[in-house]
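A short worksheet on the structure shown next.
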Amino acid sequence: MSTDRYSIFSVLREALRGHTGWKPAWREPEPKAAYDIVIVGGGGHGLATAHYLAKVHGLTNIAVVEKGWIGGGNVGRNTTIVRSNYLLPGNAPFYEHSMKLWEELEQDLNYNAMVSQRGVVNLFHSDGQRDAYARRGNAMRLHGIDSELLDVPELKRILPMLDYDNARFPVKGALRQKRGGTVRHDAVAWGYARAADGRGVDIIQNCEVTGFRIEAGRVVGLETSRGFIGAKKVGLACAGNSSRVAGMAGLRLPIESHVLQAFVSEGIKPFIDTVCTFGAGHFYISQSDKGGLVFGGDIDGYNSYASRGNLPTIEDVAEGGMALMPAIGRVKLLRHWGGIMDMSMDGSPIIDRTPIEGLYLNAGWCYGGFKATPASGWSFAHLIATDTPHETATAYRLDRFATGRVIDEKGVGAQPNLH
Amino acid sequence: MRIPCPYCGVRGVDEFSYLGDATLVRPDASVPNAEAAFADYVYLRDNPAGRHRELWQHAVGCQSWLVVTRDTRTHAIEQVEAARDIAAARASGAE
């Protein structure tokens, strides 16, 4: 008998019989000739979309096509942080919906995604910044999201290792969201893939979309590296490459692809047990369960599809880290990498229909896509299944740039000289 | 990544600041559909994976604006021209 459901009992049973009963977490089916819905992109968002289409809307004649392998794209290239500390009405309910889905994710998927609500701490350094964070914290509370403003004595209990008297950016306090934290990112991809597959979704890896078949303004299928696949509806969830894929359907998007680098140090003893962001110094950090310091900074700042960045940004991030916590100076860097970001022009995502009937777009996640994974999948599934936007995602329209309804959460988009 | 500035020679990328796609042309504000044309101009991008002509300024050097032709998949730089030369050619109708 094989082991379908993961539990303490299945682990014990398999331990007693030499782990011979585990099955692959998902099938590797050949693509069928046609599906009701095809999701392009087997990252976190695409797999979550397939999962919620199957679970919430009862639709199972679905394929997820992925040009590489599951977990090989941006879902495995981020710094695993989840939070919902947003200011604007168009964003806060969406990201809080995501936060609530994270909190029940492991039970929903029957998969250990190592959801760790260790808190997210945003530092401030001046009276003006304190006021801005107090405003943000109050806006969060009005949306029912937890937030607290910490003064220096409170902060020193959580983060004793900071350089509080830094000459340029003395630490004056922080805004904290205790329910924020980290989630093991590739387990999210695997968990969603396994759950979607369990409900009958075909996950087709090594299947690159090479074109769309569009008849009378309506999408009827996809040309792929594994042949033509018919589809009544197609959802694009291929952030990083959204412009390229949408370009095959003749669409031009308000997006530039940029490279964002991230870093992991060698494993060290427990050092920092929360997520800490130092926005003024372009640096944020947390510590993985293996002990590595996981940190990053800003995008490199030029169009790139190279999945790797350049040395000046590495130096900039390292300088930010040294300014904030000089204690990490002797820690060796273990590895670093780059991911390709869909930088939308206002810094906010797009979940919307397109001018082509049956073609839906999920794009423009900038460097904030990971935390949005569950709500993005939920909202995109809702849009595809019902043809109406989910109530938490009505602001993420494709036409908001032309109509002036941009969502300037940070006041910056792709324009690198504004970062 | 290093950029060969036509005036200063090969310099590190950290001396330069980036503005983006150099092929965009500001629309004529007097045409009837100028609003839509400006929305496209301000927000929409080709965003190619491959050859990309883009504006850089040698901000910490000679401050010249440059048009760099670069491959966005490899960061290899094919050509660097002075933006003023291209603007002059465009104004005279050569491009």
Side-chain angles (χ1 to χ4, degrees), chain A residues 67 238-248 250-259 298-316 319 338 340-347 350 363-364 398-406 413-419, chain B residues 1-5 10-25 27 32-61 63 65-80 83:
Chain A
K67 77 171 176 192
C238 38
N241 285 292
S242 296
S243 295
R244 284 183 56 223
V245 179
M248 294 176 200
L251 300 174
R252 210 162 159 250
L253 301 181
I255 286 171
E256 286 182 4
S257 294
H258 284 251
V259 61
D298 267 347
I299 55 174
D300 271 35
Y302 44 82
N303 286 51
S304 176
Y305 285 89
S307 292
R308 63 179 173 78
N310 276 292
L311 291 170
T313 303
I314 299 176
E315 187 175 17
D316 184 54
E319 283 171 353
I340 303 306
M341 309 291 117
D342 265 14
M343 296 303 295
S344 69
M345 288 296 164
D346 62 353
I350 298 159
L398 179 57
D399 68 357
R400 70 174 182 267
F401 301 93
T403 57
R405 292 184 177 85
V406 290
Q415 190 81 329
N417 53 8
L418 298 180
H419 280 270
Chain B
M1 193 159 88
R2 297 192 301 167
I3 297 176
C5 173
V10 177
R11 310 296 299 176
V13 71
D14 49 333
E15 290 190 9
F16 297 81
S17 66
Y18 181 76
L19 191 65
D21 193 336
T23 61
L24 301 167
V25 179
N33 65 342
E35 204 175 328
F38 266 95
D40 288 3
Y41 168 70
V42 172
Y43 294 114
L44 300 190
R45 299 288 182 271
D46 288 337
N47 192 20
R51 201 163 179 272
H52 190 230
R53 281 166 71 77
E54 55 200 22
L55 282 162
W56 291 80
Q57 187 192 18
H58 196 182
V60 197
Q63 310 221 333
W65 280 96
L66 307 171
V67 174
V68 176
T69 307
R70 189 176 60 96
D71 191 321
T72 58
R73 293 165 304 184
T74 62
H75 299 165
I77 291 170
E78 178 186 323
Q79 191 181 17
V80 181

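Chain A is the first sequence line, chain B the second, and so forth, proteins listed ahead of strands; every chain is numbered from 1. Computed from heavy atoms alone, side chains included, the values below leave out hydrogens, waters and symmetry copies.
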query: Taking the side chain from A:Tyr305 and the backbone from B:Asn47, do they hold a donor-acceptor pair closer than 3.5 Å?
result: yes
- line: Taken to the nearest 0.5 Å, the spacing of A:Glu256 CD from B:His52 NE2 works out to 6.5 Å
Contacting moiety of A:Asn310, where chain B heavy atoms sit under 4.5 Å: side chain
- request: Could you pull out all residues at least two apart from B:Phe16 that satisfy ring pair (Phe, Tyr, Trp, His ring centres under 6.0 Å)?
  value: B:His58
statement: Minimal heavy-atom distance between B:Asp46 and A:Ser243, with the atoms involved, is O-CB, 4.3 Å
message: Can you classify the ring geometry of A:Tyr302 versus B:Trp56 as parallel (below 30°), tilted (30 to 60°) or perpendicular (above 60°)?
response: tilted
- prompt: If you count heavy-atom pairs under 4.5 Å between each of B:Gly50, B:Gly12, B:Pro48 and chain A, which one has the most?
  reply: B:Pro48
task: Would you list the pairs meeting salt bridge (charged side-chain N to carboxylate O under 4.0 Å, His left out) in which at least one residue belongs to residues 14-25 of chain B, sequence neighbours left out?
output: B:Arg11-B:Glu15
- prompt: Say you draw a straight line from NE2 of B:His75 to CZ of A:Arg308; how long is it, rounded to the nearest 0.5 Å?
  reply: 6.0 Å
query: Quick one: does A:Arg252's side chain have a donor or acceptor within less than 3.5 Å of a partner on B:Asp40's backbone?
result: no
query: Between B:Ala36, B:Ala49, B:Ala39, which shows the greatest number of heavy-atom pairs under 4.5 Å with chain A?
result: B:Ala49
message: Just by distance, no angles: are the side chains of B:Tyr18 and A:Asn303 close enough, under 3.5 Å, to form a donor-acceptor pair?
response: yes
More than 12 heavy atoms of other groups within 6.0 Å of B:Gln79 CD: yes
Structural part of A:Arg244 lying under 4.5 Å from a heavy atom of chain B: side chain
statement: CZ of B:Arg73 to OG of A:Ser257, rounded to nearest 0.5 Å, is 13.0 Å
